[in-house]
Amino acid sequence: MIEIYNGPLDVKEVISRWLDEINGKNWGAFIPFVGIVRKEDGIEALSFDIYEPILEKWFDDWQKKAKEKGAILKMAHSRGVVPVFTSSYISAVMSPKRRIALDLIDEFVEDFKANAPIWKYDVIDGERIYAEARSTAMNGAGLMSKKD
Amino acid sequence: MIEIYNGPLDVKEVISRWLDEINGKNWGAFIPFVGIVRKEDGIEALSFDIYEPILEKWFDDWQKKAKEKGAILKMAHSRGVVPVFTSSYISAVMSPKRRIALDLIDEFVEDFKANAPIWKYDVIDGERIYAEARSTAMNGAGLMSKKD
Amino acid sequence: MVKIEFLGPIGKEPILLDVKNLNDVSKELNKDENISIWLEKSAVALNDMIVNSLDIELKDGDKISILPPVCGG
Amino acid sequence: MVKIEFLGPIGKEPILLDVKNLNDVSKELNKDENISIWLEKSAVALNDMIVNSLDIELKDGDKISILPPVCGG
């Protein structure tokens with residue numbers, strides 16, 4: 001299950017809770033990835049739309065892949081407005097072995113960026129502007145295009 | 001500076017403190033790696049020796065490498081006995097960009113395993129046994145060997 | 001009737017179409033320039049599953065989603 | 001005199017040697033079988049810097065460390 005929150009994430013709460021989950025279990029490596037909104041190009045915040053049904057399926061597929069390697073994935077993401085210097089995204093891997101954990105968090109975060117159905121907007125002077133230049137067409141994009 | 005503690009690490013305290021350090025600064029990605037002692041092969045704990053002068057130099061070299069990429073590394077490690085299910089090692093990278101952070105934490109943790117002057121012992125029935133089979137000869141090992 | 005949803009920044013209300021397959025949906029959507037400019041870079045889901053072919057028959061109540069370029073995190 | 005320290009699991013007290021260079025240290029240490037078995041897999045540091053050559057002159061008070069295979073974390 002993905003945790004979706006309105007506004008910024010409480011990073012300490014989320015990570016502490018995930019740490020409690022691994023406590024007493026036989027995980028050897030725990031790697032969280034914390035994404036924080038950077039102050040750049042005059043933005044005051046980012047804002048996010050999420051399409052949950054497809055996001056959950058995307059995550060379930062990754063959870064299956066992780067389980068085949070003996071690992072577990074966790075993920076929390078913000079919906080709506082997230083001010084600069086606060087966190088919009090945390091994911092984590094728990095694995096018996098470090099090598100599997102390091103590979104998985106990398107692959108998971110990269111695929112998340114490319115294929116999780118989440119849309120990002122810069123908030124500048126209160127206006128919400130689609131971050132088109134930083135966005136990536138999903139796998140399978142262009143299926144209905146008449147260009148080909 | 002590396003943080004060295006006697007016995008297991010307080011993971012929540014360490015990560016919370018590092019999170020406070022990045023608060024209000026312009027880091028986009030924060031990736032901690034938490035190593036936890038696994039219960040296997042009948043061990044009740046691990047125990048660690050550390051040679052600090054060379055460990056600090058090794059870490060300073062990595063910190064320089066990280067800074068050239070605009071990133072910062074953090075590290076905490078246990079000395080002495082660390083029971084199963086508790087943490088002996090936490091490192092972290094803070095970087096403006098996720099790709100640099102993901103690459104750095106991977107390279108740093110792998111080089112840490114191969115070249116940080118730390119020796120690991122299994123604790124079984126109170127006895128301390130050098131974990132020789134899991135240990136790695138450091139870069140430059142064999143310099144004084146008469147074999148060649 | 002099938003329902004077409006436009007996600008994220010496309011910013012268009014859902015529409016209902018009386019069509020038999022995904023090819024028909026494609027033809028209909030390409031008639032509207034405000035939509036067709038998104039199609040080139042958008043993925044397509046049928047009942048919340050991403051699809052990779054237009055040769056798919058539709059039934060009454062199916063939901064089609066148009067997913068423009070993403071950027072989570 | 002230079003001081004030789006044996007780190008981690010080697011479990012031997014430091015020794016003092018009256019030698020001129022690292023080659024001499026190597027010769028001396030290889031005389032003791034309990035030490036020589038470690039040398040093949042151990043790195044060497046001079047005054048806490050890892051060295052990659054034995055052609056290094058030593059001065060009074062230098063510290064040499066023998067570092068057996070490591071496993072942090």
Side-chain angles (χ1 to χ4, degrees), chain A residues 2 4 9 33-37 46-59 61 75-79 82 87-91 108-122 128-148, chain C residues 2-58 61-73:
Chain A
I2 296 173
I4 294 173
L9 303 179
F33 176 102
V34 180
I36 299 154
V37 178
L46 295 177
S47 180
F48 297 92
D49 289 342
I50 297 180
Y51 186 61
E52 279 187 62
I54 292 180
L55 182 62
E56 290 288 353
K57 276 179 184 150
W58 170 86
F59 184 73
D61 286 346
M75 176 172 156
H77 203 286
S78 298
R79 182 209 306 284
V82 183
S87 172
S88 55
Y89 172 54
I90 313 175
S91 59
F108 178 76
V109 168
E110 288 299 327
D111 192 56
F112 161 78
K113 281 280 173 185
N115 285 304
I118 300 176
W119 295 276
K120 180 181 283 177
Y121 306 82
D122 291 333
R128 201 167 178 256
I129 304 152
Y130 175 45
E132 190 170 3
R134 275 135 57 215
S135 299
T136 307
M138 297 169 74
N139 287 340
L143 184 67
M144 284 191 177
S145 172
K146 281 294 161 201
K147 289 250 167 111
D148 49 356
Chain C
V2 301
K3 188 182 183 185
I4 323 290
E5 287 185 343
F6 303 94
L7 298 179
I10 302 179
K12 188 179 157 59
E13 290 303 302
I15 58 173
L16 292 172
L17 289 178
D18 186 10
V19 287
K20 285 190 180 154
N21 58 53
L22 276 181
N23 258 308
D24 294 344
V25 175
S26 178
K27 275 175 205 149
E28 283 302 313
L29 296 185
N30 273 286
K31 288 178 184 166
D32 181 343
E33 255 194 25
N34 292 324
I35 298 176
S36 69
I37 53 162
W38 287 100
L39 294 180
E40 188 186 345
K41 50 194 172 190
S42 292
V44 177
L46 170 58
N47 300 326
D48 295 330
M49 299 290 284
I50 302 284
V51 290
N52 287 296
S53 165
L54 294 180
D55 299 326
I56 295 176
E57 298 301 303
L58 299 174
D62 277 346
K63 179 178 71 172
I64 290 143
S65 310
I66 307 300
L67 298 103
V70 297
C71 187

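Here is the naming used below: chain letters follow the sequence lines, and residue numbers restart at 1 for every chain. The analysis underlying the following values was restricted to heavy atoms, covering all of them including side chains, and did not include hydrogens, waters or symmetry mates.
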J.: Please classify the contact between A:Lys113 and chain C as side chain, backbone, both or neither, with a heavy-atom cut-off of under 4.5 Å.
T.: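 Its backbone and side chain both get close to chain C.
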J.: Taking all non-hydrogen atoms of both residues into account, name the closest pair between A:Val37 and A:Leu46 and its distance.
T.: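 Minimum heavy-atom separation between A:Val37 and A:Leu46: CG1-CG, 3.7 Å.
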J.: Can you sort out the partners of A:Ser78 under side chain to side chain donor-acceptor pair (under 3.5 Å), two or more places apart, ordered by chain and number?
T.: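 Applying side chain to side chain donor-acceptor pair (under 3.5 Å) to A:Ser78 gives none.
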J.: Shorter than 4.5 Å, heavy atoms on both sides: which option in C:Leu7, C:Leu29, C:Ile66 has the most such pairs with chain A?
T.: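 Sorted descending by pairs with chain A, the first entry is C:Leu7.
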J.: Looking at C:Ser26 and A:Met144, what are the two nearest heavy atoms and their distance?
T.: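 Nearest pair, atom of C:Ser26 first, then A:Met144: OG-O, 3.3 Å.
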J.: I'd like to verify something: which residue of A:Phe112, A:Phe33, A:Tyr89 has the highest number of heavy-atom pairs under 4.5 Å with chain C?
T.: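 Of the options given, most contacts go to A:Phe112.
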J.: Name the region of A:Tyr121, side chain, backbone, both or neither, that has any atom closer than 4.5 Å to a heavy atom of chain C.
T.: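 Side chain only.
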J.: Counting distance only, does the side-chain N/O of A:Ser87 pair as donor-acceptor with the main-chain N or O of A:Gly35 below 3.5 Å?
T.: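 Flag set: sc A:Ser87 to bb A:Gly35 pair under 3.5 Å.
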J.: Give me each pair satisfying ring-ring contact (aromatic ring centres under 6.0 Å, His included) with a member in residues 3-30 of chain C, each pair once, sequence neighbours excluded.
T.: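 For residues 3-30 of chain C: none.
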J.: With no hydrogens and no angle check, just 3.5 Å: does a side-chain donor-acceptor pair link C:Asp55 and C:Asn21?
T.: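 Side-chain D/A pair, C:Asp55 to C:Asn21: absent.
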J.: I'd like to know which of C:Val70, C:Leu22, C:Leu39 tops the heavy-atom pair count under 4.5 Å against chain A.
T.: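 Top count of heavy-atom pairs under 4.5 Å with chain A: C:Val70.
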J.: Specify whether A:Phe48 and A:His77 have parallel, tilted or perpendicular ring planes, treating 30° as the upper limit for parallel and 60° as the lower limit for perpendicular.
T.: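 Perpendicular, since the angle between the ring planes exceeds 60°.
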J.: Against chain A, work out which of C:Pro9, C:Ala45, C:Ser65 has the most heavy-atom pairs shorter than 4.5 Å and name it.
T.: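 Going by pairs under 4.5 Å, I would pick C:Pro9.
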J.: So what's closer than 4.5 Å to chain A heavy atoms on C:Ser53: side chain, backbone, both or neither?
T.: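 Contact with chain A involves the backbone of C:Ser53 alone.
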J.: So which atom in A:Asn115 and which in A:Asn139 form the shortest heavy-atom distance, rounded to 0.1 Å?
T.: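 A:Asn115 and A:Asn139 have their closest heavy atoms at OD1-N, 2.8 Å.
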J.: Would you list the atom pairs, donor with acceptor, under 3.5 Å between side chains in residues 130-137 of chain A and any protein atom, with sequence neighbours excluded?
T.:
residue, atom, partner, partner atom, Å
A:Tyr130, OH, C:Pro69, O, 2.6
A:Glu132, OE2, C:Lys41, NZ, 2.8
A:Arg134, NH1, A:Asp122, OD1, 3.2
A:Arg134, NH1, A:Asp122, OD2, 2.8
A:Arg134, NH2, A:Asp122, OD1, 2.8
A:Ser135, OG, A:Ala131, O, 2.7

J.: Does anything in residues 30-37 of chain C get under 4.5 Å of chain A by heavy atoms, and if so which residues?
T.: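 Against chain A, the residues of residues 30-37 of chain C that fall inside the cut-off (heavy atoms, under 4.5 Å) are C:Asn30.
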J.: Which atom names give the shortest non-hydrogen contact between C:Ser42 and C:Ile10, and what distance separates them?
T.: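 Shortest heavy-atom contact: OG-CD1, 4.4 Å.
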J.: Please classify the contact of C:Ile50 with chain A as side chain, backbone, both or neither, using a heavy-atom distance under 4.5 Å.
T.: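 C:Ile50 touches chain A through side-chain heavy atoms alone.
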